[in-house]
Amino acid sequence: MNKAKGILLDADSVTGKENESIIRLYVKGEKGIEIFEERSFKPYFYVIVEDVRKAKKELMEREFEGKEEKIRILNAEEVKKKNAENVLKLSFNSTNELSEVREQVKEVEGVKERREYDIIFVKRYLIDKALEPMNYVEISYRKEGKKKVVEKIQKGKKEAGEEFKTEAIDLETFSLERFSDPRKDAILMISIASPKESLVVTTKKELKGRKGVKIVGNEKEMIEELKENIKEEGIEILVTYNGDTFDLPYLKERSRIMKTRFDIGIDGSEPQIRRKGLSNATRIKGIQHFDAYQLIRILSRFGIIDLVKYDLESVVEALYGEKKEKIKAEEITKIWESGKGLEKLVEYNREDSVFTLKIAMDYLPLFIELSKLVKQTLFEVNRIGASGLVESLLIDKGFEEDTLVPNKPNETEVKNRMMKTFKGGYVKEPTPGLHEEIAVLDFRSLHPSIMISHNVSPETLNCECCSKSKKNIAPTKDYFCSKKSGFLPSVQKELLERRKEIKKESKKLERKSEKYKLLDARQHALKIILNSFYGYLGYPRSRWYSIESAKAVTAWSRHYIRETIRKSEEDGFKAIYSDTDSCFIVIPKEKTAKNVNEFIKKVNAELPGEMELELEGIYKRGIFVTKKIGGAAAKKRYALIDGEGNLKIVGFEYVRRDWAVVAKETQKRVIELVLKEGKPEKAIEEVKEKIKRLREGKTPKKELVIYTQIKKPLSQYESIGPHVSAARKAIKKGKNLGIGSIIGYIVTKSGKSISDKAELEEFVKEGNYDADYYIEHQLVPAVIKIIQELGYGKEDLIHGGKQATLNAFK
DNA sequence: TAATTCGCTAGACCGA
DNA sequence: TCGGTCTAGCGAA
């Protein structure tokens, strides 16, 4: 018997000689990545039956229809599950046979329900064996020829924290049109960046001798060079920027054309392109393909980063403040053909992979932790959503607790669920105007803490055992069990406890230490998942959907925040605003921050379980404004300034990407001057100056761009907005734009409607903009509501005008 | 393939 | 040409 220990990087399944499904594990050991085969684990699913013995006999004797041969169930075994009776576990020779039978088994007499029939085989294996990707495994194996066959496997005792061999790549390609076509356009350069060094591989002899450049004879050798590099370096994580749809499929297709194979998979396979809706996911077997573009999209969705555009240049600038010049496709071709500027192109190519690697390295720890937590490969979590995370974790915990997992809803059910909506958080209309000494209180992890404290879960909802002695009643009148812990809240509780411990431990560490970074990534991963539970309850495709539970959560949230507001006023504070989990109170002259803390303490003493009110901060001044229409105060828009002069701007145009920089920056300046000094005269002067500059045609183009995303097929728009119009015009000029594209447009001088005037930024000459539009529709609206609160009006901006008489501070 | 609701605003669209 | 209504996008939590 042989033993091996290593980190589990990947797993897949293949078909053996007897058409049986075999799990393959890719394990990083001392000798590099090795493949182990698991032959004893069989695909299975469950059925709930009327009579175990009868059903078992019937199922075992039955011949099911297969594509070629008849199918027999390998084994039907009775299993005990805590949340179901009469459960049979049906095992199969292969996943294909399982797929065939899971349809036909519905017709078998005595079979009431099918369960867990759509869990991916590999995922099933990892759950059942309690194995975590990106963590250690210990294997006992035997050799069969060249193959290593698993006898026994278990999770390693040691926790992996080490670095993975990571490398980023990037291609430059030839293109006569706007987009390169791998069927005819060659790869010109490939850059490879590792944490230590970078290399650009190309065929241009002129670049010979340049540092960090390798010249090869032709394109085929270029690809060979990359392949060799990946193999020799033993790369475990290969990073790209949009390699899912561009780099990897391109390399694969070019290889095919050159009669070679881009066989970088550990098993000798080429990257596999999986269609995923409108885009691709490209997987390399045994190596984790980490697409930094996918990463950025997920981080944006989870609200971890906030970006205007997702191209590498914008991301680098937003994350690192470094300006990275973009070389456009046609220029690349020009440089290549003329030979002028090749050095620049080399460095551009190099930078792309260097920055791609940097982005990935910053967030890899977080995603490695997510991967371990939900038992999905890094490749999968790199492309997952909030529901995927929760579902994956819950399926795993369900197995741990010996319960059957609920099925996914069918499409009819999904449609039904989509018709139902529920009430969300409470938003209090703010008191408009300027305020001083504002304390912002908020509930720490409001939704998870409600779920835990009130035991909210689909199976504790209106439980049988508490029907007489309901204690835990939601404001919706539904109640939750007071005797048994619910499944969802117990999982949440476990995550919360782990997070608390980690946070405690990391407090003792240096912020720059490796251990701190690891723990911080882990607590962050836990937080992301914790916060996704509530949304998952109300998500129509959820396996644990329970709209009553979701309703109860939000009803409780409204209850607690309203109570907090009430109590604060009772204590002599003035509550000026509140949104879902936060409450803004003005500290009156006779009170201090100490009183605020006492108040919080008092509230906390009355809150149940995990619920906790916290002091988010104390601000020197703040402003709320009235809405454009109706005269009421605007919710979800405010600005605060703290004692150090730090601004916090929320909801205003300043934080929105669909406003021009000239309007956003001016608005920020106005807010700053108003909040810092309380005197807006200077602000007004600055606005006038900006207006003057706009009138004179001197405002630079980059301050005028408005970004808006195309969110559906361009043909499906009922109302043709400026971004759609600009996109359509740009397509006629050969641009490739569509769903998901972020359109940066400028309102030019030519045209009738705003849409007519909108043109893609890159087609607009400096100075060609509609000054009236930018004054009337951008600058003025962005600042008017703020200065109005101080008694000024539009006439003060446009003309030299009268001065305001009102004093804003009363 | 896909977490939720609440809220603001712009600009097109459409009928008078 | 005006004003109300609807579509659309983005942000807060």
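Chain naming here is simple, since letters A, B, ... match the order of the sequence lines and numbering starts at 1 in each. These numbers were taken from a predicted model, which means no experiment stands behind them.
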Whole-Å distance separating the OH atom of A:Tyr774 from the C1' atom of B:dG11: 14 Å
Between C:dG9 (C1') and A:Lys711 (NZ): distance, integer Å: 6 Å
Using a heavy-atom cut-off of under 4.0 Å over every strand shown, decide if A:Lys628 touches base, sugar-phosphate, or nothing. sugar-phosphate
For A:Gly535, answer base if it contacts any base atom (sugar-phosphate contacts may also be present), sugar-phosphate if it contacts only those atoms, and nothing otherwise; contact means non-hydrogen atoms under 4.0 Å. base
Pick base, sugar-phosphate or nothing for A:Ser387, based on heavy-atom distances below 4.0 Å to the nucleic acid. sugar-phosphate
Using a 4.0 Å heavy-atom cut-off across all strands, classify A:Tyr426 as base, sugar-phosphate, or nothing. nothing
Interatomic distance where CG belongs to A:Asn382 and C1' belongs to B:dT1 [whole Å]: 15 Å
If you look at every strand shown and take non-hydrogen atoms under 4.0 Å, does A:Tyr638 touch a base, only sugar-phosphate, or nothing? sugar-phosphate
Out of curiosity, A:Lys372 NZ to A:Leu370 CG, how far, rounded to the nearest 0.5 Å? 11.0 Å
Whole angstrom is fine here: how far is it from CZ in A:Phe584 over to P in C:dA12? 12 Å
Once hydrogens and angles are ignored, does a donor-acceptor distance under 3.5 Å link the base of C:dC10 to the side chain of A:Arg656? yes
Step through it carefully: locate the ring centre of A:Tyr745, locate the ring centre of A:Tyr707, and say whether they are under 6.0 Å apart. no
Rounded to the nearest 0.5 Å, what separates atom CG in A:Leu307 from atom OG in A:Ser300? 4.5 Å
Ring centres under 6.0 Å, that's the criterion: do A:Tyr577 and A:Tyr638 meet it? yes
Between A:Arg417 (CZ) and B:dA3 (P), how many Å, whole number? 15 Å
Take atom CZ of A:Arg541 and atom P of B:dT1, then tell me their distance rounded to the nearest Å. 10 Å
Has A:Lys636 got a side-chain N or O lying under 4.0 Å from the OP1 or OP2 atom of C:dG11? no
Is A:Phe533 touching bases, backbone alone, or none of the nucleic acid, heavy atoms closer than 4.0 Å? nothing
Taking CD from A:Glu776 and P from B:dT9, how many angstroms apart are they, rounded to a whole number? 17 Å
Classify A:His723 by what it touches in the nucleic acid, base, sugar-phosphate, or nothing, heavy-atom distance under 4.0 Å. sugar-phosphate
Would you indicate, yes or no, if B:dT4 has its OP1 or OP2 atom less than 4.0 angstrom from a side-chain nitrogen or oxygen of A:His447? no
Rounded to the Å, how far apart are A:Met451 CE and B:dT4 C1'? 12 Å
NA contact type, A:Ser582, heavy-atom cut-off 4.0 Å: base, sugar-phosphate, or nothing? nothing
Identify whether any heavy atom of A:Tyr773 sits under 4.0 Å from a base atom; if not, whether one sits that close to sugar-phosphate; answer base, sugar-phosphate or nothing. sugar-phosphate
For a quick check of understanding: with a heavy-atom distance under 4.0 Å over all strands, which category does A:Trp544 fall into, base, sugar-phosphate or nothing? nothing
Just checking A:Phe290 against A:Phe379, ring centres under 6.0 Å apart? no
